[in-house]
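FYI, side chains are in, hydrogens and waters are out, and symmetry mates aren't considered; it's all heavy atoms of this structure. Residue numbers begin at 1 in each chain, while the letters A, B, ... track the order of the sequences. Everything numeric here is computed off the predicted structure, so don't read it as measured data.
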Number of protein chains: 2
Amino acid sequence: MEHPLIRDLRQAGYRLTPQREAVIAVLGETHAHLTAPEILRRAQEHIPHLNKSAVYRALDVLTHLSLVNPIDLGKGEIQYELNCLPHHHHLVCQQCGKITDVGESVFGELEKILRTQYGFAPFLYHFAIFGICRACQPKVRRTRVSLVLARCAQIEQPLARRATRKRARPR
Amino acid sequence: MEHPLIRDLRQAGYRLTPQREAVIAVLGETHAHLTAPEILRRAQEHIPHLNKSAVYRALDVLTHLSLVNPIDLGKGEIQYELNCLPHHHHLVCQQCGKITDVGESVFGELEKILRTQYGFAPFLYHFAIFGICRACQPKVRRTRVSLVLARCAQIEQPLARRATRKRARPR
DNA sequence: TTCCTTATTGCAACTAGTTGCATCAAGGAA
DNA sequence: TTCCTTGATGCAACTAGTTGCAATAAGGAA
Ligand SMILES: [Mn+2]
Ligand SMILES: [Mn+2]
Ligand SMILES: [Zn+2]
Ligand SMILES: [Zn+2]
């Protein structure tokens with residue numbers, strides 16, 4: 001019988017092509033977060049001369065059908081995963097990089113407010129919420145940064161990327 | 001006297017360069033959301049031979065200091081704005097594209113939960129929340145899409161981009 | 001099964017964004 | 001004011017992602 005994602009794709013009026021099938025297969029083979037170039041590379045094991053445009057377009061279609069979630073964990077790359085239940089979200093510490101998974105219930109109240117007060121039906125599939133984890137909060141200097149105050153204690157440390165570059169070539 | 005953002009930049013140990021000053025000036029001149037290429041173009045009116053790397057790196061620094069917010073409204077481009085108080089967020093309808101601004105209070109309960117249950121201090125500066133607006137909800141077909149059900153009524157319509165391409169060349 | 005419509009692909013040319021390294025200059029120290 | 005340290009820039013070469021168009025093929029109809 002047919003993969004449920006493929007059924008949904010067809011039901012939405014899209015055609016099933018070997019290219020899309022390969023992308024779905026790659027995403028179905030793992031529960032990890034994959035970048036588009038990674039997906040391209042793996043899908044080429046199924047279809048050797050698969051073009052990158054087809055992959056990007058397939059990911060667009062699947063994302064717009066909410067069959068796939070795009071994820072930005074602040075690493076400077078977008079990752080993709082199948083949209084599975086139950087949904088989960090990630091707390092990303094800007095200081096140490098630690099990622100904590102949380103269930104979908106944290107958005108319960110937000111969803112209620114948006115539905116009742118705004119009549120808006122939100123898609124709360126997979127969020128990355130940036131901030132400072134418990135362990136890092138004492139380490140973060142209590143600098144007052146312009147308009148963003150107390151409530152949002154600020155980071156003072158240079159970017160991970162820049163720091164890396166620095167260490168790599170101390171001259 | 002000194003611009004507060006520049007004071008914050010210095011206080012965090014970064015140097016003030018004409019390049020960074022130009023980027024800050026461009027963002028300060030407008031309250032609109034600007035893309036990196038737009039910022040580059042405008043900043044080159046201040047510094048004609050300004051290099052794009054400097055702009056991207058300046059935006060990185062300002063973002064990591066939370067002086068600037070990067071914004072993804074689902075248009076396939078990242079926009080930037082100064083991080084001003086009071087914070088606001090956007091509800092983006094996936095069906096008609098309508099964008100509704102909401103205040104920061106919608107995240108009140110979420111922030112409380114993350115702080116008390118997880119000890120996590122979130123940065124809730126500027127979010128885009130995707131979903132379906134009140135007006136579009138009747139239009140959205142009640143298709144059951146794989147694992148994502150009832151609660152998350154699904155979109156069946158092709159992407160805006162692809163639709164455009166389609167209309168543009170009906171052959 | 002064959003045909004037809006048109007969605008989808010591959011491709012090429014493009015824009016966006018990243019990175020390593022040599023050079024430059026901000027800004028603190030003397 | 002001059003010097004020095006080292007953070008920041010410019011550049012070039014790269015990867016990531018987008019787009020218009022001609023060719024292809026999915027899948028419905030006959
Ligand atoms: Mn995840
Ligand atoms: Mn905004
Ligand atoms: Zn941390
Ligand atoms: Zn709408």
**Message:** Which heavy atom of L5(B) sits nearest to which heavy atom of H3(B), and what is that distance?
**Reply:** N-CD2, 3.0 Å
**Complete:** For P86(B) and E104(B), the nearest pair of non-hydrogen atoms, with its separation, is CB-OE2, 4.1 Å
**Where D72(A) and A128(A) come nearest, the two heavy atoms and their spacing** = O-CB, 3.4 Å
**Complete:** Hits for side chain to side chain contact (heavy atoms under 4.5 Å, CB included) against L16(A), two or more places apart or cross-chain, chain-then-number order -> I6(A), L9(A), R10(A), E21(A)
**Prompt:** To the nearest Å, how far apart are N51(B) CG and dC11(D) C1'?
**Reply:** 7 Å
**Asked** Is the closest side-chain heavy-atom distance between N83(B) and L65(B) below 4.5 Å?
**Response** no
**Prompt:** Closer to the 5' end of DNA chain C via nearest nucleotide, is it V55(A) or S53(B)?
**Reply:** V55(A)
**Request:** Would you please name every residue forming a ring-ring contact (aromatic ring centres under 6.0 Å, His included) with F107(B), sequence neighbours left out?
**Result:** H89(B), F127(B)
With 3.5 Å as the limit, what N/O pairs link the protein to nucleotides 26-30 of chain C?
| residue | atom | partner | partner atom | Å |
| --- | --- | --- | --- | --- |
| dA26(C) | O3' | L16(B) | O | 3.3 |
| dA26(C) | N3 | R15(B) | NH1 | 3.1 |
| dG27(C) | OP1 | R10(B) | NE | 3.3 |
| dG27(C) | OP1 | R10(B) | NH2 | 3.3 |
| dG27(C) | OP1 | L16(B) | N | 2.6 |
| dG27(C) | OP2 | R10(B) | NH2 | 3.1 |

**Request:** Whole angstrom is fine here: how far is it from CG in D60(A) over to P in dT18(D)?
**Result:** 6 Å
**Prompt:** CD of Q19(A) versus P of dG27(D): gap in Å, rounded?
**Reply:** 11 Å
**Atom-to-atom span, CG of L50(B) to P of dC24(C) - whole angstrom** = 18 Å
Expected list for residues 30-38 of chain A: side-chain donor-acceptor pairs under 3.5 angstrom, two or more places apart:
| residue | atom | partner | partner atom | Å |
| --- | --- | --- | --- | --- |
| T30(A) | OG1 | A32(A) | N | 2.9 |
| H33(A) | ND1 | Q79(A) | OE1 | 3.4 |
| H33(A) | NE2 | E81(A) | OE1 | 3.1 |
| T35(A) | OG1 | E38(A) | N | 3.3 |
| E38(A) | OE1 | T35(A) | N | 2.9 |

**Fill in**
Partner of L91(B) under side-chain contact (heavy atoms from CB on, under 4.5 Å), picked from D101(B), I129(B), I132(B), V106(B), is I129(B)
**Request:** Please report how far the helix from dT1(C)-dA30(D) to dA30(C)-dT1(D) bends, comparing the axis fitted to its first five pairs with the axis fitted to its last five, to the nearest 10 degrees.
**Result:** 30°
**Prompt:** Would you find a donor on one side and an acceptor on the other, under 3.5 Å apart, between the side chain of S105(B) and the backbone of G108(B)?
**Reply:** no
**Request:** Would you please classify the geometry between the Y125(B) ring and the F123(B) ring as parallel, tilted or perpendicular, with 30° and 60° separating the classes?
**Result:** parallel
**Fill in**
note: E21(A), atom CD; dT9(C), atom C1'; distance rounded to Å ~ 15 Å
**Message:** Distance check needed: dG10(C) P versus R20(A) CZ, whole Å only.
**Reply:** 11 Å
**Asked** If you group Ile, Leu, Val, Met, Phe, Trp and Tyr by side-chain heavy-atom gaps below 4.5 Å, do I78(B) and I24(B) land in one group?
**Response** yes
**Length of the CD1-P vector between I47(B) and dC11(D), whole Å** = 13 Å
Which atom pairs link the protein and nucleotides 15-17 of chain D when you take only N or O atoms and keep those under 3.5 Å?
| residue | atom | partner | partner atom | Å |
| --- | --- | --- | --- | --- |
| dG17(D) | OP2 | Y56(A) | OH | 2.3 |
| dG17(D) | O5' | Y56(A) | OH | 3.2 |
| dG17(D) | N7 | K52(A) | NZ | 2.8 |
| dG17(D) | O6 | K52(A) | NZ | 3.0 |

**Asked** For the pair made of NE2 in H49(A) and P in dT9(C), what is the distance, rounded to whole Å?
**Response** 17 Å
